S.K.: 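Sending over a structure as structure tokens; questions will come in a sec.
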Amino acid sequence: MSSPDPTPEGESRELTMAQAIREAIAEEMRRDSSVFVMGEDVAEAGTPFKVLSGLVEEFGPERVIDTPISEPGFTGMGVGAAMTGRRPVVDIMFGDFLGLVMDQVANQAAKVHYMSGGKLSVPLTIRTTMGASRRSAAQHSQSLHAWVSHIPGLKVVLPSTPYDAKGLMKTAIRDNSPVVFFEDKMNYQQRGQVPVAEYTIPLGVADIKRPGKDVTVIATSSMVLVAMEAAEVLAQEGIECEVVDPRTTVPLDREALINSVGRTTRAVVVDEGHRSYGVGAELAAVVSEGAFYFLDAPVRRLGAMDVPIPFSPVLEDLTVPTVQGLVDTVRELCGRK
Amino acid sequence: MSSPDPTPEGESRELTMAQAIREAIAEEMRRDSSVFVMGEDVAEAGTPFKVLSGLVEEFGPERVIDTPISEPGFTGMGVGAAMTGRRPVVDIMFGDFLGLVMDQVANQAAKVHYMSGGKLSVPLTIRTTMGASRRSAAQHSQSLHAWVSHIPGLKVVLPSTPYDAKGLMKTAIRDNSPVVFFEDKMNYQQRGQVPVAEYTIPLGVADIKRPGKDVTVIATSSMVLVAMEAAEVLAQEGIECEVVDPRTTVPLDREALINSVGRTTRAVVVDEGHRSYGVGAELAAVVSEGAFYFLDAPVRRLGAMDVPIPFSPVLEDLTVPTVQGLVDTVRELCGRK
Amino acid sequence: MSEIQATPQVTSAESGPDWQRVYRLMLTIRLFEERANDLYQRKIMPGLAHLSSGEEGVAVGVCTALRDDDYITSTHRGHGHCLAKGASADRMFAELLGKAAGYCGGKGGSMHIADQERGNLGANAIVGGSLGIATGAALSIKQRGSDQVAVSFIGDGALGQGVLYEVMNMASLWKLPIIYVCENNLYGEYTASSETIAGRPIERATAFGIPATEVDGQDVRAVYAATAEAVARARSGGGPAFLWCSTYRYFGHHVGDVDRGYYRSREEEQFWREQRDPISLARVWLEADGLVDAASLEELAEEVTHELDAAVEFAVAAPFPNPDQVATDVFA
Amino acid sequence: MSEIQATPQVTSAESGPDWQRVYRLMLTIRLFEERANDLYQRKIMPGLAHLSSGEEGVAVGVCTALRDDDYITSTHRGHGHCLAKGASADRMFAELLGKAAGYCGGKGGSMHIADQERGNLGANAIVGGSLGIATGAALSIKQRGSDQVAVSFIGDGALGQGVLYEVMNMASLWKLPIIYVCENNLYGEYTASSETIAGRPIERATAFGIPATEVDGQDVRAVYAATAEAVARARSGGGPAFLWCSTYRYFGHHVGDVDRGYYRSREEEQFWREQRDPISLARVWLEADGLVDAASLEELAEEVTHELDAAVEFAVAAPFPNPDQVATDVFA
Ligand SMILES: Cc1ncc(C[n+]2csc(CCOP(=O)(O)OP(=O)(O)O)c2C)c(N)n1
Ligand SMILES: Cc1ncc(C[n+]2csc(CCOP(=O)(O)OP(=O)(O)O)c2C)c(N)n1
Ligand SMILES: [Mg+2]
Ligand SMILES: [Mg+2]
């Protein structure tokens, strides 16, 4: 890992990603009284995923606000509160509901700073989820980070570990621009070491989650786990994968991706959004262009199938990238099949 | 042009793209009494761009319906009407307002057929606009076709000529799936030959707008005009551009793009959406992957700058791809600079 | 396949519905949900489901006033609506289990169950997500000159969604044959409606010129009567209506919501179950009116139990979809 | 730079505003819009603009009841709001012409003009697009324990946008200090409001428990009085209000909308201009009350004309932004 060792001098403990995110928000709320949380069932319920449990008890209902089921309304209010001295953390329960708030996010939050010639700003964090595999069917399984990544003025974060999630969340809240923070539902219970001491992670710095020399696997969010497992399997066959996690799609650490591929000469991109017109397309295009003269084979892309996510487990499991699928792709790319 | 000659046996006349679109809708309304139009100021006003002028006079206010300013509401109603025997053509005045209707479009229209196991279907056409350069500032200048192209279940059309617009619109209305039809505001007054006799153009068939052997320019919507002009300039320098217009991003005629690049060995993608995470990324990725072993240089992408579109003309003109910018890119790609 | 009976038909305005069938349908929903919960607990049902036990009076009271060719749209809590509109329990269970024989070939699941043949345009996992669809169906009805009506079931939580006001406005302006039926079960997920609804709920409809009625959702007769009135008006071109039905869900927000103490009390749950149960209440007057007796009820309960057990058996034994189904039905 | 005067301040509830300044401000807006139209006709102003001539009574009546540190959000038809809240005409014209000296450095233009210093959080080119922003500003005020208020100007067309009902609900639930000011100018673009609004408009607010008032928007005193009352209540924790102000736009929907015969009559336009002009009406009672006379009005008109001409001159002469500005201000 090229990221700072989580336990260089201080203690650390194992946290789930949900706990790490909660800790980040709680720390920022303690540090800055202008930070508050708003969304559906964020207070006593602590969200359906229990990510925010305990916050209302510490900070009270004025700073952990249960809203009506009015995503456009309260997201817009987050924009306005952010423009007038607050740092709202707005909770959009499922990423699928971004469809309801794209006007507020793309036409308002993203553009206010620019349209006002820099006079107004929107230090807003929007937390939402992504990821399928929970048998939640088509309207609760989407990974729509491509939509917001496409809109200038928004920063977009996709953490893959508890450590990254905490450090990036703290940075997101302190950022003076709107940030959309995607949490993969499948990651919430994932455990990892998180330092006791405070730290932050800058946006726009990719992290090499595993070094390797034969092929670069660029993976986002929970796909990093898939990539790490696949790398384990492939290592046993003598194929050394370098797993690179961009961590943020905006800003994008293009250099890190290109450099890695420049070294390995082969690349696979794995992202859980739909394959076509998705984040994977940009990552592949960046690498194909930037590392063109080093590439020994075409950049491959794995993403969710271009179908609405089906309910039936036997079908749903076919739609998202798997360890096996990635292993096969890398093998093929390396001429081992 | 590989598209059927517009005047093979019959007469044709010059129409603007606005007229061609109106004619397509009027013909389909005459042909099928279940087709109707709904949107803001579509009736007497005939839309702000006068695309629908005359329709209400012919078909009456029951089939050309002025709505309140309620995009989510009337788009949702379009979905419901489509599910129950009608073929609505819903008008979203500016593509920027897609932000308001992405839930209806992506979570409802796109998924109903799949979620119902094919039992229900949504023969809905959504017409909307794209394109900057009108000094309309950040909320009226976006080209958001990437958003819908990313969602399985939606077809997406981007005509570049009056001929294409008419033939594709007729097909869109007859299609049993939801289709989002993007009209570039800068194209409305563009003129072209349109046959008097009826014709349709299938979705998913790219069109070579100009054959050439040195470099493939993949261009969409009004960028086809930019490409054609650039090709003219470059021809005088001995660089023969092949201008390929995918015409629909979904379905995408991957083969046509890859084949062209396979022949020319070089490619530039020009699309008016924001450059990052845009449609251009997919087109570039498709070609980079599919034509990898033929490519002599990296695939280049031109798109709108990754900034909200500014109002000031001197700034706005810097944000969108221009003939000069494309000429420069092609020259560089062909080692002529 | 066992056949759960179709929506009771109103033969004439005077004679009213077949109340025995009404009762049977409510019981069917109750026992259906118990089995759904059981399938979840036994990890046979994938994902989650939102049970409507306690709310049968609304689903059945409303659908009893509808014809087979009328449309409904439903919610994430939609099993009751689906059964009340005439769906078969076996194909519903099959859908809940993700089987090929399900109403949606297993692709929709509990939250997207639809029944094209009976005019159920589908449950919806977006709160308020089917309001546009239902109102559009009503527009379609009007354009086609049909005398169908459309009903949009929504929860109290959907009052938070702006699209409701957009479509009510158009329904009122254009006198569309649609009835908005709001099931006020006092909560949206884990938050009390009183914390999320300002003002008087029915004024949210009357403000748009839409007649609105407060209905005791636990009294299936009251629901039926209010719906029948609204339907009659809508069929004859009188435009939309809004019904605000008070009701209660016995189970959690979803099958996994078991510890509910932090948002509602055991006493409250008990009160509704014991004092306000739509099936028990119906039983009292059905017996009083001599429409049923203990023996006929016993028989009926056995019949329904038998049917539902057979339906579960069918669904459990049914095959999953073929893998190739994953890529079909994306485009029509 | 010439200095257009700041928002008239209410010195005390009794004394009321400085009515001469109120008049001056209305006149300033009128003459500003005339010049904007002229700049468009002469092709000096790029793009389009939506003029508010005829609606000055609302903008000025409302903003006169506000403090400098109160917030407003504005619409596509926002020049009047901006001036009334205290912006300088020269920097406004500069913005309309896309010049670096404009309020937004030329990046916003007419539809996005904002004035951070005077609490104008911006015009908005999305109908209803600033409702969330304004209501969020009110939430911020409450959280900060400030006694500011927020005003959201909207047009009658915004009644079609669902987000209005979402934020009114929250504003009412949480007693936020916000006043929704709806400028009912009878049309949304080219369609009469009567065709797009069902029911009685003010009930759309009262349904959410928000006090609502119908106001004659052409009588600046009435607008001021209604606003002052709402502001006083909001400042003291009494929550939101809704003002439905009847008014009229003299020009077309935008500067290019010249042939309006297909959606409204010359007679109607004439009636409003001649009988219901907010400036003429104010003049009558100002003279009657002895607050102004013909001479002082003449002087005032000259002053304003002079200021605005200088402002136009400034803006026309001002440089465009540097090309490098295209890439700044994307992120804060
Ligand atoms: C737009 C949207 N926001 C949030 C959710 C998450 N969610 C699912 S059900 C629900 C509560 C709905 O409450 P109500 O409408 O009262 O229906 P009930 O569950 O009480 O039957 C919420 C918030 C959702 N599905 N859709
Ligand atoms: C969401 C949205 N839909 C449509 C438009 C196009 N549009 C601009 S102004 C306007 C009419 C607005 O009417 P109203 O709110 O009454 O304001 P007015 O122009 O009368 O001042 C419309 C439809 C828009 N800008 N935003
Ligand atoms: Mg509820
Ligand atoms: Mg208006």
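Predicted model, so just to flag it, every value in this text is computed and none were measured. Sequence lines set the chain letters: A, B, ... in the order given, protein chains first and strands last, and positions in each chain run from 1.
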S.K.: Pull out the residues in residues 70-79 of chain B that come under 4.5 Å of chain D, heavy atom to heavy atom, sorted by number.
M.R.: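 Within residues 70-79 of chain B, the residues under 4.5 Å from chain D are S70(B), E71(B).
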S.K.: At a 4.5 Å cut-off on heavy atoms, which part of F97(B) comes close to chain D: side chain, backbone, both, or neither?
M.R.: side chain
S.K.: Quick check on E268(D): does its CD atom have over 12 non-hydrogen neighbours (other residues, nucleotides or ligands) under 6.0 Å away?
M.R.: yes
S.K.: State, to 0.1 Å, how close P323(D) and L318(B) come at their nearest heavy-atom pair, and which atoms those are.
M.R.: O-CD1, 3.7 Å
S.K.: Below 4.5 Å from any heavy atom of chain B, which atoms of N124(D) appear? Answer side chain, backbone, both or neither.
M.R.: both
S.K.: Can you name the residues of residues 155-170 of chain D that have some heavy atom under 4.5 Å away from a heavy atom in chain B?
M.R.: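 G157(D), G160(D), Q161(D), listed by number.
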S.K.: Please identify, among V307(B), D41(B), D306(B), the residue contributing the most non-hydrogen atom pairs under 4.5 Å to chain D.
M.R.: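 When all of V307(B), D41(B), D306(B) are compared, D41(B) has the most.
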S.K.: Which answer fits D317(B), side chain, backbone, both or neither, if we ask what part of it has an atom under 4.5 Å from a heavy atom of chain D?
M.R.: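 When you check distances to chain D, no heavy atom of D317(B) falls under 4.5 Å.
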S.K.: Please report the shortest heavy-atom distance between F320(D) and P313(B), naming the atom on each side.
M.R.: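 Of all heavy-atom pairs spanning F320(D) and P313(B), the closest is CE2-CD, 4.5 Å.
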S.K.: At under 4.5 Å between heavy atoms, what parts of residues 60-68 of chain B are in contact with chain D? List them by residue number.
M.R.: D66(B), T67(B), P68(B)
S.K.: Quick check for you: among A327(D), G108(D), G102(D), G188(D), which has the greatest number of heavy-atom pairs under 4.5 Å with chain B?
M.R.: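 Of A327(D), G108(D), G102(D), G188(D), G108(D) has the most heavy-atom pairs under 4.5 Å with chain B.
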S.K.: At their closest point, which heavy atom of E95(D) faces which heavy atom of F311(B), and how far apart are they?
M.R.: O-CE2, 3.4 Å
S.K.: With a cut-off of 6.0 Å (strictly less than), are more than 12 heavy atoms of other residues, nucleotides or ligands near CG of D324(D)?
M.R.: yes
S.K.: Given that the side chain runs from C-beta out, which part of I69(B) has a heavy atom under 4.5 Å from chain D: side chain, backbone, both or neither?
M.R.: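 Looking at I69(B), backbone and side chain both touch chain D.
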S.K.: Which bit of I197(D) is near chain B, if near means a heavy-atom gap under 4.5 Å: side chain, backbone, both or neither?
M.R.: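 For I197(D), no heavy atom lies under 4.5 Å from chain B.
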S.K.: With a strict 4.5 Å heavy-atom criterion, list every residue of residues 132-145 of chain B that contacts chain D, or say none.
M.R.: R134(B), R135(B), S136(B), A137(B), A138(B), Q139(B), H140(B)
